[in-house]
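Side chains included, hydrogens not; waters and symmetry mates left out as well; all remaining heavy atoms used. Start at 1 with the first residue, then count along the sequence. All ligand and atom numbering here is 1-based and tracks the order in the structure.
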Amino acid sequence: MHVTPLRWTGESLELLDQRLLPGEEKWIACRTAVEVRDAIRDMIVRGAPAIGITAAFGIALAALRGDDVRAAAEMIRKARPTAVNLMWAVDRMLRMLNPFPPSARLGMTAVTEAEAILREDVEGNMRLGRYGAELLGAKATVLTHCNAGALATGGYGTALGVIRAAVDAGKKIAVFADETRPYLQGARLTAWELQRDGIDVTLITDSMSGHFFQQGQFDAAIVGADRIAANGDTANKIGTYTVAVLAQAHGVPFYVAAPVSTIDPACPDGSRIPIEERSTAEVTEVFGKSIAPAGIHVRHPAFDVTPARLITAIITDRGVLRPPYASSIAGIVNG
Ligand code: MRU
C-alpha cells in the first residue's frame, strides 16, 4: 500500500510530518484551522494537491467547531502562494458552504466535501497515471524532480503516479530522482516512497542531470506542477526549468503530470504566477548546520516557470494535452 500524507479521524486531521522523513514517521494531529494553516506554511504537508486537500479539511474543522468559516478560509488561502490547488480547494469549499449558517449540519457538509476532494484526487491520479503510462515504452528510464508522489497528493501521485501505473502495467521502469536542493524533496521523499514500493530508483544531485542526459540515460522526464497557466506555462519546484531545457537540448520528451485542479485558467501566462520566496536559511544551512559565510546575500525562489514551448505534453486526469496548450487547456477546462 502506498504511503498517504494525511488521514481524517472524524474529529482531527492527522498529517505525516514530511520534514522528518525519511528518518522518522511521525503523525501530527491538527484540530483547528490555525493548526492546519501552520502545517501548510511550515511544510509538515507539501505538494500542490496535498496542500489543497489539507486546506479543505482545515475549513471543515472550522465548520465543525462553529468557528468563522469564511475567516478560516481566507487565513488558510494565504498559507503558501504558488500552488493553485490551495486556492482551488478553498474556493470549492466556500462554494459548497455558502451562506455559512453555523450549525452541526454545516460541519458535516464540510467534512463530506473535503472527503470528496481527497477521494477525487486519488481517483484522478490513478486515471492520470494510466494515461501517462501509455507514453512510456516497455523499458524506460525516467528523470523526475522534487516529489510529485503519494506524499504530495491524496495518496498515489502525479509524476510518480505515471511511474506507478507503468510499473503496474508490467513496464520495466527505472527512475532517477534529483535530490532537489535546497529542501531535498527528491532525496528525502521521492527516493523514500519509491524505494518503499520496490520501484527501481537512483538518487542523483541536481547538478548531475546534465551529465546523464548527455550520456543518453533518460527516455523521458516527468515532473508535477504547482500551477499551470492558461497558455501551458508551468510553475513547479525550483530546478524544473533547468530539467526542461536539458530535455529539449537532448531530444528527450518532457512531461508535466497534474490534475485539472492545478490549471489556473484565470492566469494568462507564467509571468503572472506568484513565486514563493522562502527562508534564506534553507539555502545557507543543511539540517541546521551552516554551509555558507555569515551575512552572505542569498536568494531562494522555491519555484520556477517552464515555458509551454518546452513541454511535450501535459498529462491530466482528463487526458493528455498537446500543444498548442491555449486551445487544448481551454477545451479541457470548459469541456
Ligand atoms: O515546495 P513543495 O514541496 O510543496 O513543492 C512541491 C512541488 O513542486 C511538486 O512538484 C508539485 O507540488 C506537484 S505535487 C504532485
Side-chain angles (χ1 to χ4, degrees), residues 2-6 15-19 21 39-55 79-89 118 121-122 124-126 128-129 132 143-164 177-194 206 221-228 234-244 254-264 273-279 282-283 300-306 311 314-317:
H2 324 298
V3 66
T4 53
L6 51 88
L15 298 171
L16 180 59
D17 189 343
Q18 299 193 31
R19 299 169 306 180
L21 292 173
I40 295 172
R41 186 195 56 203
D42 298 343
M43 305 275 278
I44 290 171
V45 61
R46 34 63 53 200
I51 292 172
I53 297 160
T54 301
R80 292 190 73 190
T82 304
V84 79
N85 304 64
L86 171 60
M87 298 76 190
W88 173 88
L118 169 58
D121 184 69
V122 178
N125 281 188
M126 293 177 97
L128 172 166
L143 176 67
T144 192
H145 189 73
C146 192
N147 173 265
L151 287 167
T153 61
Y156 187 74
T158 56
L160 300 193
V162 171
I163 285 157
R164 286 198 164 93
D178 277 346
E179 69 170 347
T180 318
R181 270 281 290 160
Y183 210 75
L184 305 178
Q185 289 93 332
R188 296 190 304 103
L189 308 178
T190 295
W192 179 75
E193 74 163 80
L194 290 181
D206 300 352
I222 311 180
V223 300
D226 281 79
R227 192 183 297 233
I228 300 172
T234 294
N236 191 51
K237 180 53 52 193
I238 193 75
T240 301
Y241 171 55
T242 315
V243 174
F254 177 87
Y255 299 117
V256 170
V260 170
S261 54
T262 306
I263 297 173
D264 182 0
I273 299 177
I275 300 294
E276 177 180 12
E277 286 262 351
R278 290 187 60 83
S279 154
E282 289 175 7
V283 175
H300 183 190
F303 300 93
D304 58 26
V305 174
T306 297
I311 301 172
I314 301 175
I315 306 161
T316 79
D317 47 336

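Of the candidates Arg80, Arg41, Arg46, Arg80 is the only one forming a salt bridge (Lys or Arg N to Asp or Glu O under 4.0 Å) with Glu276.
Residue Thr234 holds its OG1 atom at 4.5 Å from CD1 of Ile314, rounded to the nearest 0.5 Å. To the nearest 0.5 angstrom, Leu6 atom CG is 6.0 Å from Ile53 atom CD1. In this structure, Thr144 OG1 and Lys237 NZ are separated by 13.0 Å, a value rounded to the nearest 0.5 Å. The CG atom of Asn147 sits 6.0 Å away from the CG atom of Leu160 when rounded to the nearest 0.5 Å.
Interface atoms of ligand 1 facing Arg80, defined by a heavy-atom separation under 4.0 Å, are 1 (O), 2 (P), 4 (O). Within ligand 1, the atoms closer than 4.0 Å to a non-hydrogen atom of Ala48 are 12 (O), 14 (S), numbered from 1 in the order shown. Taking a cut-off of under 4.0 Å to the non-hydrogen atoms of Gln185, the atoms of ligand 1 that pass are 1 (O), 2 (P), 3 (O). Atoms of ligand 1 lying under 4.0 Å from any heavy atom of Thr158, numbered from 1 in the order shown and given with element: 15 (C). The distance from ligand 1 to the heavy atoms of Pro49 drops below 4.0 Å at these ligand atoms: 14 (S), 15 (C). Applying the 4.0 Å criterion to heavy atoms of Ala152 picks out, from ligand 1, the atoms 14 (S), 15 (C).
Of the protein's non-hydrogen atoms, the one nearest atom 7 (C) of ligand 1 is Asp226 OD1, 3.2 Å. Considering only non-hydrogen protein atoms, atom 9 (C) of ligand 1 sits nearest to Asn236 OD1, 3.4 Å. Closest protein heavy atom to atom 6 (C) of ligand 1: Arg46 NH2, 3.5 Å.
Evaluated by nearest non-hydrogen atom to atom 13 (C) of ligand 1, the leading choice among Cys146, Ala225, Ala150, Gly47 is Ala225. Here the shortest heavy-atom distance to atom 5 (O) of ligand 1, taken over Lys237, Arg278, His145, belongs to Lys237.
In the displayed structure, Tyr241 atom OH is contacted under 6.0 Å by at most 12 heavy atoms of other residues, nucleotides or ligands.
With a 4.5 Å cut-off on side-chain heavy atoms, Leu151 and Gln185 do not count as touching.
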Next item on the list: Apply salt bridge (charged side-chain N to carboxylate O under 4.0 Å, His left out) to the pair Arg227 and Asp264, showing each step before the final yes or no.
Entry: CA-CA 6 Å; Arg227 192 183 297 233; Asp264 182 0; 2.7 Å; yes

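Residue contacts with ligand 1 do not include Glu276, since none of its heavy atoms lies under 4.0 Å from the ligand.
With a heavy-atom cut-off of 4.0 Å, Phe303 touches ligand 1 through its side chain alone. At a heavy-atom distance under 4.0 Å, only side-chain atoms of Thr153, from C-beta outward, approach ligand 1.
With Thr180 contributing its side chain and Cys146 its backbone, the two residues share a donor-acceptor pair below 3.5 Å.
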